[in-house]
Each structure stands twice: as structure tokens, then as C-alpha cells.
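Let me begin by presenting the structure, written as C-alpha cells, before commenting on it.
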Number of protein chains: 2
Amino acid sequence: MSTLSAPHDVRQHILDTARPILGRKGFSAVGLNEILGAAGVPKGSFYHYFASKEAFGEALLEQYFTTGLARIDAILSDSGGTAADRLMRYWQGWRDAQTGSDACGQCLAVKLGAEVCDLSEGMRAILADGTRRIVARLERGVTAGGDDGSLPRVDDPGHVAMVLYQLWLGATLLAKFTRDHRPFDEAMATTRTLLALPP
Amino acid sequence: MSTLSAPHDVRQHILDTARPILGRKGFSAVGLNEILGAAGVPKGSFYHYFASKEAFGEALLEQYFTTGLARIDAILSDSGGTAADRLMRYWQGWRDAQTGSDACGQCLAVKLGAEVCDLSEGMRAILADGTRRIVARLERGVTAGGDDGSLPRVDDPGHVAMVLYQLWLGATLLAKFTRDHRPFDEAMATTRTLLALPP
DNA sequence: AACCGATTAGACCAGTCGTCTAGAAGAAAA
DNA sequence: TTTTCTTCTAGACGACTGGTCTAATCGGTT
């Protein structure tokens with residue numbers, strides 16, 4: 001528990017501490033005490049920064065998507081290589097993050113999504129909106145590949161983007177069951193197929 | 001709440017009552033009280049039939065996969081039409097079950113999988129084994145399509161089967177977020193593409 | 001009537017979320 | 001420097017639920 005200066009550091013510190021815990025144990029199975037104990041923050045402070053556990057969950061998911069979208073933007077827009085390279089770099093990054101043994105890289109959409117989307121309308125809305133925005137980014141990536149010639153033009157880039165995202169969500173879930181990387185390898189191969197890239 | 005005769009009817013009755021409840025609210029968020037209250041079974045009886053809540057969850061998942069696999073077998077083996085028809089009938093059945101507003105048709109692998117697989121090694125093993133068996137059935141379906149000419153032969157039917165399953169898992173998760181059927185439509189279209197069937 | 005396994009009632013306590021009162025910390029004003 | 005005022009912290013507390021287990025009851029057979 002390092003020293004904290006600005007007021008919002010505490011709020012952020014709670015979120016940062018909670019993320020790996022929720023990523024490992026889910027939402028309902030974790031109590032506020034566990035989170036606050038790990039963060040070294042008293043319970044009284046929690047309700048100063050968050051209206052409820054649900055509001056806290058919403059903030060956590062919101063931040064998860066915010067940072068995730070920034071990461072996508074960083075990969076898809078400003079790096080070198082063709083648009084196809086950038087797109088594939090995104091999937092490789094996904095695989096690497098999930099394959100790592102640390103629970104820090106957990107995909108919260110997969111880990112928490114199914115659990116909380118029927119529990120809280122607010123969290124469901126954030127999940128729906130966050131995933132929609134991710135797919136929109138991917139769609140732009142596919143379109144960019146058609147523009148610069150690194151990918152063949154497709155009729156409906158939005159369709160391709162959504163299907164690829166579904167495929168990787170499913171791969172992530174299956175990999176959690178089997179605890180191996182094969183689902184990601186299969187997803188990667190099919191991603192290349194659907195994008196008409198050489199294996 | 002009907003009259004129960006044989007002893008194991010009570011155990012089964014608890015499982016049957018719990019399934020839609022867990023399908024809606026998840027595992028950790030549901031207490032034994034709620035399940036047993038709904039089933040009309042006293043709390044004391046629970047530990048006569050199950051060693052723990054975790055053992056109960058394992059039994060629930062086991063039964064879920066048992067009935068699910070039987071349903072696949074019924075669709076893929078004994079009905080009429082080509083092998084391709086039978087395979088597509090399976091996906092249509094998946095979509096219909098999830099699209100229906102009743103929580104009864106919930107896919108427990110998606111709803112509970114991510115939540116419980118890090119919570120209980122036993123449940124994780126059942127999820128890994130159950131999904132592996134489903135993919136094995138699908139693989140046989142793809143192979144059968146190559147045999148009877150209704151599908152083109154593929155190099156690795158196991159790969160196609162696993163990827164299709166991942167795609168539909170992801171579609172189910174995404175549909176839970178958006179609460180519409182579009183993810184399933186996209187999955188269906190891509191399924192036809194990957195199987196080289198006409199749209 | 002005596003026995004015995006199958007079944008249940010309810011106690012048990014650790015834990016849940018959320019509330020509330022007090023006071024500490026920190027900055028701004030006098 | 002002292003006062004004032006808001007922001008934040010402290011953690012006990014309440015009302016309740018969690019899963020678990022022991023002790024008693026039930027129901028049928030000898």
C-alpha cells in the first residue's frame with residue numbers, strides 16, 4: 001500500500017486492486033471486505049467513492065473497456081506495417097494476454113460478462129456498448145485492409161469483425177476450460193482463413 | 001412440488017428446480033435457501049443428497065452435458081436428410097433455444113462456465129470434458145458430410161468442429177449482452193461459409 | 001416392540017452489503 | 001497562527017444470508 005496523494009488515487013487504487021481478484025473469482029463470489037482488505041482501504045471509504053457494489057462493478061467494466069479500446073486504437077492506427085499486419089497483431093496480443101499464467105490479463109468480458117449481465121442492467125449495458133465499440137474498431141481495421149490492399153475487400157466488414165470477435169470470445173472461454181492454448185491456435189488459423197490470408 | 005416417490009426423485013427434483021435459477025443468476029449469487037425453497041425441499045435434506053454446494057454444481061453440469069450430448073446424438077445420427085442437413089439442424093436448434101425468452105434454454109456452459117471454472121477444479125474438469133465431447137460429436141458430423149458428399153472433405157474436421165463451437169459460444173455470450181439475435185445470424189452465416197455451403 | 005437406515009429440523013457462526021457516527025486531514029480564509 | 005469548512009477515513013454495527021453439521025424424527029422391517 002504505497003502512499004496516496006490525490007483523492008482520486010484511492011478510487012483508482014480500489015479498482016486496480018479489485019480487477020485481478022474479480023478476474024479470478026468472479027463478481028458475486030467476492031465480498032467488499034476481500035477487495036478492501038487487499039487494497040488497505042477501510043470500508044467507510046468505499047461508499048464515499050461508489051454508491052454500491054453494483055456501481056463499483058459498472059466503474060470497473062467501464063474502465064476495462066476504456067483501456068481495452070485505447071489498446072486497440074494504439075495497435076490499429078499508429079503502428080507500422082500493413083493494415084492486415086496491425087489486425088493480426090491485435091489477435092496475437094489477445095492470445096498472449098490470455099496465455100500468460102498471470103490472472104492479470106484476464107478478459108473480463110468473458111470472465112464476468114455472462115455472470116453479471118443478468119444481474120445488473122447497468123453492467124449489461126456497459127458490456128453491450130463496450131463490445132459494440134470493439135467490433136466497430138475491428139470493422140475499421142478490416143476496411144483499412146481493403147483500402148491498402150493487404151486484405152481482399154469484403155462485402156460486409158462489420159459482419160467479418162463481429163464474427164471474428166465472437167470466435168475469439170468463444171476461444172477464450174474454451175481455453176479457460178481446457179487450460180491450454182489450442183483454442184487460440186484454432187481461432188488464429190480460422191481468423192487467417194476468414195481474412196483470406198495465407199496460413 | 002408434486003408428490004415424490006422414489007428417493008432419488010428428490011435429488012433429481014432439486015437439480016431440475018435449480019437449473020433455471022442458476023441459468024438466470026449464476027452459481028455464487030444463488031444460495032441454497034433459494035433453490036431449496038423453490039423446490040419445496042428442507043435445507044437439512046440437501047446434504048443428504050449432495051456432499052457440498054460444489055458437488056451439487058458438478059452434478060448439475062454433468063447432467064447438463066449428458067442431456068445435451070444425447071440431444072446432439074439424436075439430431076446427428078438418426079434423423080433424415082444429408083449429414084449437412086443434420087449438422088445445420090443442430091445450429092438452428094441452438095439458436096432457437098437461446099433466442100427463446102424463457103431462461104430454461106440457457107446454455108449453462110456459457111452462463112456458468114467462466115464463473116465456476118476458476119472456482120472449482122471439479123466443475124472445470126466437467127466443463128472441459130463435456131465441451132470436448134460435444135466437439136467430438138460435431139467432428140463426426142463434419143466427417144459424415146464429407147462421406148455422403150453433402151459437405152466438401154476437409155483436411156482437419158476436428159479443427160472445423162472446434163472453431164464452429166467456439167464461434168457459437170462467443171455468439172451466445174455476445175447475444176446475452178446485446179439481447180438480440182444478430183450474433184446468432186452472423187454465426188449462422190459464417191457457419192455456412194466455413195462448411196462451404198450456399199448461403 | 002425394537003431396531004435401523006433414510007430423512008429432516010434447525011442451530012451455528014462466519015460472512016454479506018450497506019449504514020452511520022465520529023473524527024482526522026487538508027486547504028482556504030481571517 | 002488560528003479558525004472554518006469540506007473532503008475523506010475509521011470501523012463498529014445491523015439485519016440478514018451463506019454453507020455446514022449434529023441431533024432428532026420418521027417409516028418401514030423384523
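Keep in mind that the numbers below use all heavy atoms, side chains included, and drop hydrogens, waters and symmetry copies. The chains referred to below are lettered A, B, ... by the order of the sequence lines, with proteins before strands, and numbering in each begins at 1.
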Exercise. Just how far, in rounded Å, is P of D/dG18 from CZ of B/F56?
Worked result: 13 Å
Problem set entry | Under 4.0 Å protein heavy-atom contact, by nucleotide of nucleotides 11-16 of chain C - B base, S sugar-phosphate only | -----S
Exercise. What is the distance, rounded to the nearest whole Å, between atom NE2 of B/H48 and atom P of C/dA6?
Worked result: 7 Å
Exercise. Distance check: side-chain N/O of B/Y47 vs OP1/OP2 of D/dC21, anything under 4.0 Å?
Worked result: no
Problem set entry | Residue-phosphate contact under 4.0 Å: A/Y49 side-chain N/O, D/dT9 OP1/OP2 | yes
Problem set entry | Residue B/H181 excluded, over 12 heavy atoms near NE2 under 6.0 Å | no
Exercise. C/dT7 phosphate, OP1 or OP2: any side-chain N/O from B/S45 under 4.0 angstrom?
Worked result: no
Exercise. For A/F177, what residues pass the ring pair (Phe, Tyr, Trp, His ring centres under 6.0 Å) criterion, not counting sequence neighbours?
Worked result: none
Exercise. Should the ring pair B/W94 and B/Y165 be called parallel, tilted or perpendicular, given that the plane angle runs from 0 to 90° and is split at 30 and 60?
Worked result: perpendicular
Exercise. Are A/D185 and A/R182 close enough, and set up right, to give a salt bridge (Lys or Arg N to Asp or Glu O under 4.0 Å), and what steps lead you there?
Worked result: CA-CA 5 Å; A/D185 297 337; A/R182 202 186 142 203; over 6 Å; no
Exercise. In whole angstrom, what separates A/H13's NE2 from D/dT9's C1'?
Worked result: 14 Å
Problem set entry | Nearest-Å distance for atom pair NZ/C1', residues B/K25 and D/dG18 | 14 Å
Exercise. Over how many whole Å does the gap from A/R11 atom CZ to D/dT9 atom P extend?
Worked result: 13 Å
Exercise. A/F56 and A/Y49: aromatic ring centres closer than 6.0 Å?
Worked result: no
Exercise. Given atom CZ of A/F46 and atom C1' of C/dG18, what is their separation to the nearest angstrom?
Worked result: 10 Å
Problem set entry | A/K53 charged N/C atom sitting above A/F27 aromatic ring, 6.0 Å / 45° | yes
